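FYI, the numbering just counts along the sequence from 1. From a predicted model like this one, the values you see are computed outputs, not experimental measurements.
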Amino acid sequence: MAEIILKDVNKRYENGYHAVHDFNLDIADKEFIIFVGPSGCGKSTTLRMIAGLEDISDGDLLIDGVRMNDVEAKDRDIAMVFQNYALYPHMTVYDNMAFSMNLHKVPKDQIDAAVKKAAKILDLDQLLDRKPAQLSGGQRQRVAMGRAIVRNPKVFLMDEPLSNLDAKLRVQMRTEISKIHKDLGATIIYVTHDQTEAMTLGTRIVVMKDGIVQQIDSPEHLYNNPINQFVAGFIGSPQMNFIDATIKEGPNGLVAAVGDAELPVPATKEKDLRSYMGQTVVLGVRPEDVTDAQVVVGLKPDQVIEAHVDMHEMLGSERYLYFDYAGAPMTARVDSRSNARTGSNVKFAVDMNHSHFFNKDTGEAIGYQENPDLKK
């Protein structure tokens, strides 16, 4: 497979639009890298520059130490999987998978062996004689994957390959892609707007906004240590709750004053927040850390806020409660045993040990800790 390095890569269009700003990333051999961010953030543009489908305005792209900026897309030894499958409707599954190898005049016995091996990996053995119109969406996507696999490329690029599938098929295909990565030892760069895909598939995640990289990190560290308010709000579903809080001295240490409540600041965060005494910061708390106080054991009174539930959603093993507190919309992710419903007045327990604080002016995380185990 391959090591990929992007150094100060930029993309500017003729109309002056600056789509990607100073993108820097070292991708190790066999890594599974995810580009994630809202629509228009530059993730697909960056992928297309790696593929050779877009010119690089400034900076360098190196694959295994070789500069690729001026190398034609067909000569980069890269396979790309698109969200629309891009299969030839008049060809069988076998011929679709063999197409690129036929173009390169690969001997027929090698083509046959490669196609059948890929078909076995993707459970397509019984479908090789069918045409795309006779296949389900998930089967078509597996064919598109198979067409990439048979080439045995240095790099797999995947641009939102699961976005056209229903929820059940997306889960199934995530498993398939993870298996492919493991079995082939492939270097994969994967673009998605679906954070579930990002969190479950990637060894590292690149979060982008407005063409600028916000954070590059492992899924776990990204979730627990977002570098700024944008990353904190983008990663996690439902998204993190944000509410203005004033930092004050309480009877047992610092507190975050929010509405009628004074929530205790964890001891681990006191040092970083002392310089914000008397100032307003943004308190971030994930919905799973806001729960119905009735079902929490050993709760202290200073960990509670009280609010009126505007709406609830039942999702089997858990329930989402939506309410406003101190002028901010909030979501609580509570146990299904909770009796709270739309219209209920509920005391909510806030787990401040998992709280986050952000500078209200810059959005930067206060006391952000870099991942010591991660090579940037």
Side-chain angles (χ1 to χ4, degrees), residues 6 21-28 31-38 41 195-196 198-210 212-250 252-258 262-291 302-303 333 349-376:
L6 294 98
H21 300 250
D22 297 326
F23 191 105
N24 287 280
L25 179 64
D26 290 6
I27 302 172
E31 261 204 287
F32 198 135
I33 295 288
I34 306 281
F35 293 171
V36 71
C41 72
Q195 54 189 281
T196 302
M199 296 295 287
T200 55
L201 288 173
T203 52
R204 281 192 297 162
I205 300 173
V206 180
V207 183
M208 299 181 68
K209 177 191 177 188
D210 299 332
I212 299 170
V213 172
Q214 302 294 305
Q215 187 171 354
I216 302 172
D217 224 318
S218 66
E220 183 178 5
H221 199 266
L222 190 74
Y223 189 82
N224 293 323
N225 295 276
I227 197 168
N228 58 35
Q229 193 173 335
F230 171 78
V231 174
F234 190 82
I235 299 295
S237 180
Q239 80 160 40
M240 184 181 287
N241 297 301
F242 297 113
I243 189 166
D244 285 355
T246 304
I247 303 302
K248 295 180 178 180
E249 190 73 61
N252 299 305
L254 295 187
V255 296
V258 181
E262 292 190 344
L263 303 172
V265 170
T268 55
K269 299 181 185 292
E270 280 207 2
K271 181 180 176 182
D272 296 309
L273 285 167
R274 284 219 165 263
S275 60
Y276 288 86
M277 286 286 289
Q279 297 182 40
T280 299
V281 299
V282 176
L283 168 63
V285 185
R286 294 202 181 277
E288 58 266 34
D289 297 318
V290 183
T291 54
D302 61 359
Q303 295 173 309
R333 188 182 206 161
V350 181
D351 185 352
M352 291 296 287
N353 288 321
H354 294 100
S355 60
H356 303 262
F357 293 90
F358 304 93
N359 185 297
K360 186 167 174 61
D361 296 324
T362 67
E364 294 178 356
I366 298 170
Y368 169 72
Q369 299 289 324
E370 286 193 357
N371 187 346
D373 301 321
L374 195 64
K375 176 185 175 183
K376 296 296 180 185

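- Here the side chain of T203 pairs a donor or acceptor atom with the backbone of F32 at under 3.5 angstrom.
- Qualifying ring pair (Phe, Tyr, Trp, His ring centres under 6.0 Å) partners for F242, counting only residues two or more places apart in sequence or in other chains: F358.
- A salt bridge (Lys or Arg N to Asp or Glu O under 4.0 Å) check over residues 233-250, counting only residues at least two apart or in different chains, returns the pairs D244-K360, E249-R274.
- Taken to the nearest 0.5 Å, the NZ atom of K269 stands 11.0 Å off from the CD1 atom of I247.
- At a threshold of 4.5 Å between non-hydrogen side-chain atoms, the residues D217 and Y223 do not count as touching.
- Remark: side-chain polar atoms of E288 are not paired, donor with acceptor, to backbone N or O of R333 under 3.5 angstrom.
- N228 and Y368 share no donor-acceptor pair across their side chains, judged by distance under 3.5 Å alone.
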Audit row: L273, I366, side-chain contact (heavy atoms from CB on, under 4.5 Å) steps and yes/no: CA-CA 7 Å; L273 285 167; I366 298 170; 4.0 Å; yes
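- One N or O on the side chain of N241 and one on the backbone of V285 form a donor-acceptor pair closer than 3.5 Å.
- With contacts defined as side-chain heavy-atom distances shorter than 4.5 Å, the pair L283/M352 qualifies.
- Residues L222 and V207 form a side-chain contact, since some pair of their non-hydrogen atoms from C-beta on lies under 4.5 Å apart.
- The two residues I34 and G202 have their closest heavy-atom pair at CG1-CA, 3.5 Å.
- Distance alone, capped at 3.5 Å, places no donor-acceptor pair between the N252 side chain and the G250 backbone.
- Here the CG-CD distance, from N371 to Q215, works out to 9.0 Å after rounding to the nearest 0.5 Å.
- Atom OG1 of residue T280 and atom CG of residue D361 lie 9.5 Å apart, to the nearest 0.5 angstrom.
- No donor-acceptor distance shorter than 3.5 angstrom exists from the side chain of Q214 to the backbone of V231, with no hydrogens or angles considered.
- Within a 6.0 Å radius of CD in Q279, more than 12 heavy atoms belonging to other residues, nucleotides or ligands are found.
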side-chain contact (heavy atoms from CB on, under 4.5 Å) for L254 and M277? Distances and angles first, verdict last. CA-CA 9 Å; L254 295 187; M277 286 286 289; 3.3 Å; yes
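- Shortest non-hydrogen contact noted between D272 and T268 is OD2-O, 4.4 Å.
- Looking at I235 and P226, their side chains never come closer than 4.5 Å, going by heavy atoms from C-beta outward.
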For side-chain contact (heavy atoms from CB on, under 4.5 Å), just list the numbers for L25 and R204, CA-CA rounded to whole Å, side-chain angles, deciding distance to a tenth of an Å, and then say yes or no. CA-CA 11 Å; L25 179 64; R204 281 192 297 162; 4.1 Å; yes
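- Rounding to the nearest 0.5 angstrom, the gap separating the CG atom in N225 from the CD atom in E370 is 10.5 Å.
- The closest side-chain heavy-atom distance from V206 to I33 is below 4.5 Å.
- Listed by chain and residue number, F234 satisfy the ring pair (Phe, Tyr, Trp, His ring centres under 6.0 Å) test with F230 (two or more places apart in sequence, or in another chain).
- Without hydrogens or angle criteria, H221 side chain to Q369 main chain gives a donor-acceptor distance under 3.5 Å.
- The line from CD of Q239 to CZ of R286 is 9.5 Å long, rounded to the nearest 0.5 Å.
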Start with the C-alpha distance between H354 and N224, add both sets of side-chain angles, then the distance that settles side-chain contact (heavy atoms from CB on, under 4.5 Å), and finish with yes or no. CA-CA 8 Å; H354 294 100; N224 293 323; 5.9 Å; no
